[in-house]
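To keep things clear, I will list the structure first and then write my remarks on it.
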Amino acid sequence: MQADANESRNAQAFQDPGEIFEIRDQQIDVEALMRTVRENVARRRAEGAYHEDLDAIADEVFKDVLTAQPLLPLPLGDGQASTLIELNARWAVREVPFRSNAPLVGPLIVAVRNFWNWMSTKWYTRALLQQQVTFNALVAQAFNENADEHQAMLEKTRQLQAICQQQLEEIALLKEAVQRLQKADPSDRD
Amino acid sequence: MRVHQMTATLTFGDAVSNDIFEIDRRLKAWGLDSYIYAEHIAPRLADLCHSDAAYTRFLGETDDLLIYHYSIYTPNLELYKRTRNRKIVIYHNITPPEFFRGIDSGLEAICRTGRLMLGDLRGCELALADSDFNRRELVAAGLPQEGTGVLPIFLSLEKFANSQRELGLYRQVRRKGQVNLLYVGRLAPNKGCDDLIKILYAYRKYVYPDAHLWLVGDRSLLIYTQYLENLAARLGLQDAVTLAGRVSLNALRTYYEAADLFVYASRHEGFGVPLVESMYFDVPILAYKATAVPETLGNAGVLFDAFAYPEIAEMVHLLATDAATRQAIIANQRQRLADFTPERVEAGLHHVLAQLGAL
């Protein structure tokens, strides 16, 4: 990143470890430590190590991130939006009519099955189903409200950011004006 | 006597907020009426302090004392300027705005304004800073040298005494044969977290392949966090770098206890609380020599003043694996840690208040 320039130049100039590190500990044999560092780096370099320009790689990654990122919170992504559309379409649980493709006896099978469902489970499951539908409706409503709030906050953030920027610029200008005036008349400092 | 402390934001776990509450505790113990105000207050702390608007009714009280903590621009700077209270400033530093360019325009603007307004802190009886580096910034901004001083921040390391290691996390982090490099702090551009990833790359590829970097701290700067994740992926380190986010006290203790080396590449640091926490947990420190970092370390730890990744990778290995070197570094760090005991800071605060006739 931006503050790396001087330090990187130092690094590329192959400084001696004794110039890079500072150890103020009297108990440590600093020279022996530096010798180890110096020898190991020299050996590895001779073997072809440390050829990458890590700062350049990092700069490139940083630029990519900056160009890819908007400065404000993201609006709902495509995936989230399509999930919301699907949620809105499917929150209501609907009874699927029973069908049979069997020739001739098919309508009879359907009639028997419907009668059996009506008699054995319909009145029992209808109440459960209604609870599930109510719950689904509440979930869908909550998600829709969240999405609306998200959008509203996004707009509000944009507006606030613009106002903040404007006010901070005004403060900076005022500050400079005050400093100019104080320089012109040092007796009136406060 | 009434003493008011005011700042921009009070949040849980933040170093400045912690300092304010520690000072509050001492003020009350010394029989003073102590109140805390902020522009933004975390809900969990709402019962302990007041909105800065509540301070306005004390603006005309000439016998009251205001301790104003300045660490970012906040509109309550106007209250500081208007008040007729006696005034002390404690400056905790503001990160230069250039670091946030392209990453967070709002933060960039607030930091720029905050630094631009530093000169407005004139008019206090004493301007304190938590490091000499910060104190010099005050002088450079036009505050009179003779009215400035250094008062180290309260660190509350005793909070760790009541914490416990998280065994599951410890087993996950402390794997046999793995060298754990730890960074604690906000994931922010001035902290040089990207350089730590580059160091890890050099170390793993050319010196020792089984190493992991744990970045523990706030990752709310989304663009910067994305950059770190992309850089790790680009260097093939996606499984060797963990962005742990903000963690509980128990988890923080666990990370320190599982670490082999604390690495710090911060380019702008007003003090560096995690450096002292590393001393507390006997984790050797390898840090970039910039701003207040050498001052906080004193004679402890190992400093580097150039991002020479090959040499740093070798030093990482020596500090992580050479027992004699580690022990010597740790012994020195323990000595330095003694300079940050709460008793010393408390004595400094007491001296300041006594000088001003507040005690």
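A note on names: the letters A, B, ... follow the listed sequences, proteins ahead of strands, and every chain is numbered from 1.
Considering every non-hydrogen atom in both A:L66 and B:G102, the closest pair reads CD2-O, 3.0 Å. Of all heavy-atom pairs spanning A:L168 and B:A109, the tightest one is CD1-CB, 3.0 Å. What you find for B:A328 and A:D25 is that their closest heavy atoms are O-OD2, 3.0 Å. When all heavy atoms of B:K198 and A:L54 are compared, the pair lying nearest together is O-CD1, 3.6 Å.
Interface summary for chain B: among A:E169, A:E176, A:H51, the most heavy-atom pairs under 4.5 angstrom belong to A:H51.
Contacts of residues 27-39 of chain A with chain B at a heavy-atom distance below 4.5 Å involve A:Q27, A:I28, A:L33, A:M34, A:T36, A:V37, listed in sequence order. Taking non-hydrogen atoms and a 4.5 Å limit, the residue list of residues 314-324 of chain B in contact with chain A, ordered by number, reads B:E314, B:M315, B:L318.
Contacts of B:I197 with chain A are absent, with no heavy-atom separation under 4.5 Å from either backbone or side chain. Neither the backbone nor the side chain of B:K81 comes within contact range of chain A, judged by heavy atoms closer than 4.5 Å. Only the side chain of B:A313 comes within contact range of chain A, with heavy atoms under 4.5 Å apart. Only the side chain of B:T113 comes within contact range of chain A, judged by heavy atoms closer than 4.5 Å.
Residues A:K175 and B:D120 form a side-chain contact, since some pair of their non-hydrogen atoms from C-beta on lies under 4.5 Å apart. The closest side-chain heavy-atom distance from B:I312 to A:F21 is below 4.5 Å. Put simply, the side chain of B:M117 reaches to within 4.5 Å of the side chain of A:I171, judged on heavy atoms. Side chains of B:L303 and A:R24 form a contact here, defined as non-hydrogen atoms less than 4.5 Å apart. In this structure, the side chains of B:V207 and A:N40 stay at 4.5 Å or more apart for every pair of heavy atoms.
Looking at A:R44, its side chain does come within 3.5 Å of a backbone N or O of B:Y206 through a donor-acceptor pair.
No side-chain N or O of B:Y309 forms a donor-acceptor pair with one of A:E52 less than 3.5 Å apart.
The distance from the CG atom of B:N332 to the CD1 atom of A:I23 is 10.5 Å, given to the nearest 0.5 Å. Annotation: the span from B:F307 atom CZ to A:D55 atom CG amounts to 9.0 Å, rounded to 0.5 Å.
Annotation: A:E47, atom CD; neighbour count of heavy atoms from other residues, nucleotides and ligands within 6.0 Å is above 12. Residue A:F143 places its CZ atom among 12 or fewer non-hydrogen atoms of other residues, nucleotides or ligands, all under 6.0 Å distant.
Residue pairs meeting the salt bridge (Lys or Arg N to Asp or Glu O under 4.0 Å) criterion with at least one partner in residues 326-337 of chain B, sequence neighbours excluded, are B:D282-B:R334, B:R336-B:D339.
Residues meeting the ring pair (Phe, Tyr, Trp, His ring centres under 6.0 Å) test with B:F262, sequence neighbours left out: B:Y264.
None of B:N230, B:I103, B:L228 except one satisfies the side chain to side chain contact (heavy atoms under 4.5 Å, CB included) rule with A:F62; the exception is B:I103.
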